[in-house]
Each structure stands twice: as C-alpha cells, then as structure tokens.
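I have placed the structure first, in the form of structure tokens, so that the comments after it can refer back to it.
Every chain is numbered from 1 and lettered A, B, ... according to where its sequence line falls, protein lines coming before strand lines. In what follows, every heavy atom counts, from backbone to side chain, and hydrogens, waters and symmetry copies are set aside.
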Protein chains: 2
Amino acid sequence: MTLSEENYLKAIYHISDVCEGGISTNAIAEKMNTKASSVTDMIKKLSEKGLLNYKRYKGSELTEKGKFVAANIIRKHRLWEVFLVEKLNFTWDEVHDVAEQLEHIKSEKLINQLDEFLGFPKRDPHGDPIPDKDGNVSDNADVLLVTLHENEKGIIVGVKDSSSSFLKYLDKQGIALGKKVKVIDKEPFDNSMKIRIKKEEFMISQQIANNIYIKK
Amino acid sequence: MTLSEENYLKAIYHISDVCEGGISTNAIAEKMNTKASSVTDMIKKLSEKGLLNYKRYKGSELTEKGKFVAANIIRKHRLWEVFLVEKLNFTWDEVHDVAEQLEHIKSEKLINQLDEFLGFPKRDPHGDPIPDKDGNVSDNADVLLVTLHENEKGIIVGVKDSSSSFLKYLDKQGIALGKKVKVIDKEPFDNSMKIRIKKEEFMISQQIANNIYIKK
DNA sequence: CTATTTTTTTAGACAAGACTAAAAATTAAA
DNA sequence: TTTAATTTTTAGTCTTGTCTAAAAAAATAG
Ligand SMILES: [Mn+2]
Ligand SMILES: [Mn+2]
Ligand SMILES: [Mn+2]
Ligand SMILES: [Mn+2]
C-alpha cells in the first residue's frame, strides 16, 4: 500500500458513508482535490488489487478487503488524534493535519500498543467512533442538532465538520462534547435556532446546527 | 523536503561523523543501498537547495543548513525511539524501523511536545545523544569497549550497532546500558576479551567489543 | 610518465502519480 | 428521439527518484 493508495481508499470509504451505491469518479476527484483522469488511473489499480469493484463508466465500490484496509487507516488516524489531545496537549482543532501523516505509519504493534496506552478509547476528539482491529465501527444512532425540535434536549457527542475554524468557533461559544443542550426556539425562516447550554442562551445558524451530533 | 531528500541528508550526516572531509558518492550510495548514479542526481539537487556543497568529482559536504536539517531528523528519530520503549513497551531492538518512518512526520509542535512528554531525555534507548531544537549534539567522550586494557573498568553507555540481532545478543548475555563492566583478560591473537558484569565473567569477540560504548 | 583500474558522471529508460486536451459514453433536454 | 450537456475515459506529457550502460575524470601501478 502506497501513501496515495491509502488516501484514495480512505476517501472512497468516507464518501460511501454518505452516498449509496457506486461512487462516481468525480466525487472521488473532488474529495481528493485531484482530477478525474487521475482518479480513473488509480481506481484501475485498486481494482486490480482487489480493493474495489469497478466497471468502466459505472463507478466504484469498495470490496470487503478494501473496507477493512480503509477502516484500519481511519482507526490509526483517530487513535493518533486522541494521543495528540490527551497526551501532548494539542487542541481539537490542531490534530487533523498531523494525524493525516501519522495514519500512514506501518506497524501493527505500534497501533495496538498505542490503543492500550490510551485506554482503548471509543471515540476521537471530534466524537467520531474508532474502528476496532477487525475494522468494525460502532454505528452510532446519533442525530444532527438541526433535526431537534423546540424544547427537545440532548447531549453533544460529535461534530461533522472537523475544520479548525469550526472547532475554534465552538470553543469560543462554549460548545463542547459532553455538554447538555436544549432547543429553546427555532426560526423556520432560516432554520437558525436558539439553544441553551449551562443556563446560557444564544443563537446558532443552521450551518452550525447541521454540523453537531446529538445523543437524545 | 521530500522523504528521499531527508534520508540522503541523514545518511551523509552520519557518514560525516566517522569520515573527515568531503563524502564520496560511493560511500553515500552504499549507506543508502542505492547506485552511485542515483546519488549524483540527488546531491546535485541538495546542492542547489543549499543543503550541501558539491563540486563534480570532489565529493559532498553538508552546509550548516544541511547539518541543521539532518540533526533535526535524527532528533525526531531518537525521541520516537524513546517514546516507543518508555511508553509503548517496545524492546530496544524493535524500535528502529518504526522510528525510520516516524522521523519524517512534519510538525514542530508535535516533536517539542513529545520531548516534554518524555521528560526531555538526553539519550535514546541505544545510548545515542538526542540533538536539541537547535541541532546541537552533546559530543560524548565515550570510548569503545575494545579500547579498554586489562583491569580497566567503565560503565556501558551506548551501542554502535543498533541492529536487532546485535541487541538481542546483548539482552541474552545480560549486557545493558548502565551496567558496570571490568576487563578481566585480553587475548592479543584475536582481540577477544573476558569481561565481568555483576560478578559474572564471560568471553566476547572483538566484533562485540567494537560495538559497545563505555564511559570510563 | 604512460597504462590500467577505480570512481564518478552522463545519457537514456522506467514506474508512480499527477496534469491537459481530446475522445467516448452516459444523461438530460428539447 | 434526436440534440446538447455532462461525466468518464484515453492519449500523451511531466516530475521524482530509481536503474543500466557507457563515457569521462581521477587515482594507482609499472
Ligand atoms: Mn481528523
Ligand atoms: Mn477526528
Ligand atoms: Mn534507530
Ligand atoms: Mn537509536
């Protein structure tokens, strides 16, 4: 597995989480910040290696083997993110770029020992579940904050957008994983909502509410 | 800095530790397990980047900038080795290959936080000194065990060969960093010697004695 | 000081992974 | 159901880092 192959597998895996059926070449190109022609070359190679199924003009789909490899890279990514936050005092908006590098380090022992060292964490700093050794991910029944109705309550358990700017906004507003949130008011016009966290009430836009996961 | 450039710099830096003056193309090729023609290409590139001085047929020498970059890679390599042994229960013969990968991770913050997390260690698991942020290495006045005479004593502080097979041999013989050693007898014929560690006496060959550093 | 051996560099080729431009297949519109 | 727009693939080029084979320079020997 080259670095590039691994990044493609990961991208396709993540797109599959959202979209049904075969993944389009263009969708991969967009996620990978590359051109469709480059994607075509790569999916041919991955197909020959048995990591995805592909027919010309019909899109791609990961095989079981491909899913396993991808889940393992994501496992490494998220464990390293935990390490950076828990042990090296990184903030949750600083970890992603470094984890993008660390996820490609090849050593079974390293990642399993790291897992143990961190106390077998279930989620990364952004609330995303950490796959186990066998590539199984605990499928969460969490829901986006934007779907809650007036007077509904829940606990913040994750973020969909892990960009540094979004995470910094959350920090500033005092929005963090584990906090209880209640929807005070919803504005139908622009889907903004007033929420309460720890007795403080404030407005958030739909865009914000659309990127926060809640456990009811 | 690409991965390959970094590995060349590191190799040249290590050869410079042993050899005086300009480093020959062949010496680099041997250390890098590559061909001289490939080396010529690379040193041209590194030369253009101001990382080493090079004139055709005259060999190469790292610039200050080149030395700084190389020392920083070695700093990362050795800090990661400490991490693997101290925190993740690796043995000293298992760490090198993983550190070869980890040394290329790019993040100032990562390596400085790691340094702090480990308690600012001075040496790696093989007794090699860890360069500081500015690329300074504490030059040790240590001496190879093979140079000791009969009845001389010292403390084992490092190994020259860090190969897994050598380190496993040392483990088996009970030879470890920090132990006191006394030369009981030297055989002029083959330079083997009888040594005492913790009241136990045994023979070691010149090859072994040539790869163990002693502080007198 | 010339001849031979060794070292180093050049020339040309290759694989991986990217890109551009153009062709082919598919999908959407009229 | 033809035509137009979009998506996807092919063809050909480029860069990085590697290789082999051959040429050039330097070192060694006689
Ligand atoms: Mn991430
Ligand atoms: Mn994450
Ligand atoms: Mn090492
Ligand atoms: Mn070491």
Is it true that A/D93 and A/T91 share a donor-acceptor pair across their side chains at a distance under 3.5 Å? yes

Under 30°, 30 to 60°, or over 60°: which ring-plane class applies to A/F166 and A/Y169, parallel, tilted or perpendicular? parallel

Under a 3.5 Å distance rule, please check whether B/K76 uses its side chain to pair with a backbone N or O of B/I105 as donor and acceptor. yes

Quick test of your reading of the model: are A/K186 and A/E152 salt-bridged, counting only N-O distances below 4.0 Å? no

Can you confirm whether A/Q207 is buried at CD, in the sense that more than 12 heavy atoms of other residues, nucleotides or ligands lie under 6.0 Å from that atom? no

Quick check on DNA chain C: between A/S4 and A/K58, whose nearest nucleotide comes earlier from the 5' end? A/S4

Between CG of A/L3 and C1' of D/dT16 the distance, given in whole Å, is 15 Å

Identified salt bridge (Lys or Arg N to Asp or Glu O under 4.0 Å) counterpart of B/R75 within the set B/D134, B/D128, B/D132, B/D115: B/D115

Salt bridge check, A/K67 against A/E64: does any charged N sit closer than 4.0 Å to a carboxylate O? yes

Can you list, by residue number, the residues of residues 7-37 of chain A that have a non-hydrogen atom closer than 4.0 angstrom to DNA chain D? A/S24, A/T25, A/N26, A/A36, A/S37

Rounding to an integer number of Å, can you tell me how far A/D41 CG sits from D/dT13 P? 15 Å

Kindly say whether B/P129 contributes a backbone atom to a donor-acceptor pair with the side chain of B/R78 at under 3.5 angstrom? yes

Could I get a table of every N or O pair under 3.5 Å where one atom is in the protein and the other is in nucleotides 22-24 of chain D?
none

Parallel under 30°, tilted from 30 to 60°, perpendicular over 60°: which one fits the rings of A/F117 and A/F83? tilted

Send over the distance from A/K55 NZ to C/dA25 P, rounded to a whole Å. 17 Å

Below 4.0 angstrom from OP1 or OP2 of C/dT9, is there any side-chain N or O of B/T40? yes

Nearest whole Å is fine: how far is D/dT8 P from A/M42 CE? 18 Å

Going by atom types alone, do B/H77 and B/D124 pair a side-chain donor with an acceptor below 3.5 Å? no

For DNA chain D, what are the stems built from at least three Watson-Crick or G-U pairs in a row, each pair having both distances below 3.5 Å? C:1-30 with D:1-30

Please report, rounded to the nearest Å, how far the P atom of D/dT18 is from the CD1 atom of B/I43. 13 Å

Which heavy-atom pair separates A/K106 from B/Q101 by the least distance, and what is that distance? N-OE1, 2.7 Å

